[in-house]
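Beneath this line is the structure, given in structure tokens, with notes to follow.
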Amino acid sequence: MKNKYFVEGEEVHIFLSSKKYGDMKTRVSKSKFDLLSEIVSSWYPKWDKHTKGFYVYGKINTEEKQKEVSLHRVITGAQKGTEVDHVNHDTLDNTDQNLRLVSVSDNQKNRKSANVSSKSGIRNVHWHKATGNWEVQVKLNGKKIYIGTYKDIEDAKKAALKARIKYFQDNKAI
């Protein structure tokens with residue numbers, strides 16, 4: 001592997017370089033390092049406009065052509081159609097304890113923030129035009145659960161957090 005790196009306890013810090021974005025580093029579990037250094041000659045950061053974060057990619061040679069692969073999918077062995085969740089929302093933390101295979105639904109539960117189009121900027125809180133209040137709803141197994149309406153956005157924010165804790169107890173990072 002061409003990237004420089006150093007070992008610290010059970011983690012390996014791999015330095016990444018990009019002409020466009022500069023230098024940064026990713027962390028991986030020591031137990032996965034040999035695999036990562038064998039299959040890709042160098043790893044690099046790539047900006048994801050959807051998540052507004054960096055992911056780590058490398059290129060592998062297949063029989064037909066060169067193929068781009070993401071570090072977190074290689075580490076977890078994720079198959080097509082499976083989501084990999086960065087539990088603490090740090091997409092450069094690719095240690096075993098920060099990665100988990102989840103469904104699309106479970107990955108959405110662990111989103112860091114509201115949708116880009118949200119007026120409130122708070123997950124599960126939106127403006128209800130008819131009542132002139134902030135409305136809180138959560139979605140569980142495809143069904144919307146109405147929590148309530150609130151005049152004050154801070155009260156709505158607290159209610160949304162309380163609802164996520166109640167309905168998504170199995171989620172590590174609410």
### Task
Report, as yes or no, whether the 6.0 Å neighbourhood of atom OH on Y5 holds more than 12 heavy atoms from other residues, nucleotides or ligands.
no
## Note on the structure
Nearest heavy-atom contact between V125 and A156 is CG2-O, 3.8 Å
### Task
Spell out, as yes or no, whether a donor-acceptor pair under 3.5 Å connects the side chain of S18 to the backbone of K20.
yes
### Query
Which residue, T95, N94, D96, forms the side-chain hydrogen bond (donor to acceptor under 3.5 Å, both in side chains) with K32?
D96
### Minimal non-hydrogen separation, S29 against Q97, with atom names
OG-OE1, 4.2 Å
### Task
Please assess Y146 against V136 for the test side chain to side chain contact (heavy atoms under 4.5 Å, CB included), listing each intermediate value before the final yes or no.
CA-CA 6 Å; Y146 173 79; V136 178; over 6 Å; no
### Geometric class of the F6/F15 ring pair [parallel <30°, tilted 30-60°, perpendicular >60°]
tilted
### Message
Any heavy-atom pair between the side chains of H13 and E11 that's under 4.5 Å?
### Response
yes
#### Entry: Distance (rounded to the nearest 0.5 Å) between L101 CG and T82 OG1
6.5 Å
### Task
Say whether I75 and Y57 are linked into one hydrophobic cluster, either directly or through other cluster members, by side-chain heavy-atom distances under 4.5 angstrom.
no
#### Entry: Check: N3 side chain, W43 main-chain N or O, donor-acceptor pair, under 3.5 Å
yes
### Query
Could you state the interatomic distance from NZ (K151) to OG1 (T149), rounded to the nearest 0.5 Å?
8.0 Å
### Query
Can you check whether V74 reaches I39 side chain to side chain, under 4.5 Å on heavy atoms?
yes
### Query
Are the side chain of N124 and the backbone N or O of Q137 linked by a donor-acceptor pair below 3.5 Å?
yes
### Summary
Output for pair (W134 CH2, D152 CG), nearest 0.5 Å, gives 10.5 Å
### Query
Roughly how far apart are K4 NZ and S17 OG, rounded to 0.5 Å?
10.0 Å
#### Entry: Residue pair L99 / D93: nearest heavy atoms and the distance that separates them
CD2-O, 4.2 Å
### Task
Evaluate side chain to side chain contact (heavy atoms under 4.5 Å, CB included) for L16 paired with D23, printing each intermediate quantity in order.
CA-CA 6 Å; L16 310 169; D23 296 332; over 6 Å; no
### Message
Just verifying a value: how many Å separate S70 OG and K46 NZ, rounded to the nearest 0.5 Å?
### Response
9.5 Å
### Query
Considering residues, nucleotides and ligands other than Q79, do more than 12 of their heavy atoms fall under 6.0 Å from its CD?
no
### Query
Same cluster for M1 and V7 if Ile/Leu/Val/Met/Phe/Trp/Tyr side chains link at under 4.5 Å?
yes
### Query
Does R73 use its side chain to pair, donor to acceptor, with the backbone of E83 at less than 3.5 Å?
no
### Task
Can you see which heavy atom on V40 is nearest to which on G58, and at what distance?
CG1-CA, 3.7 Å
### Aromatic ring proximity W47/F54, centre distance under 6.0 Å
yes
### Task
Say whether D90 and N98, considering side chains only, have a donor N or O and an acceptor N or O under 3.5 Å apart.
no
### Message
If hydrophobic clusters are built by linking Ile, Leu, Val, Met, Phe, Trp and Tyr wherever their side-chain heavy atoms come under 4.5 Å apart, do Y44 and V12 end up in the same one?
### Response
no
### Task
Can you see which heavy atom on T91 is nearest to which on G53, and at what distance?
OG1-C, 4.2 Å
### Message
One thing to verify: whether K59 and E68 come together as a salt bridge, which I'm taking to mean a side-chain N less than 4.0 angstrom from a carboxylate O.
### Response
no
### Summary
In terms of heavy-atom contacts, Y150 and A159 come closest through OH-CB, 3.2 Å
### Task
Mark yes or no for whether T26, through its side chain, and L92, through its backbone, hold a donor-acceptor pair below 3.5 Å.
yes
### Message
In this structure, is the centre-to-centre distance between the rings of Y55 and H72 below 6.0 Å?
### Response
yes
### Query
Say you draw a straight line from CD of E135 to NE2 of H126; how long is it, rounded to the nearest 0.5 Å?
4.0 Å
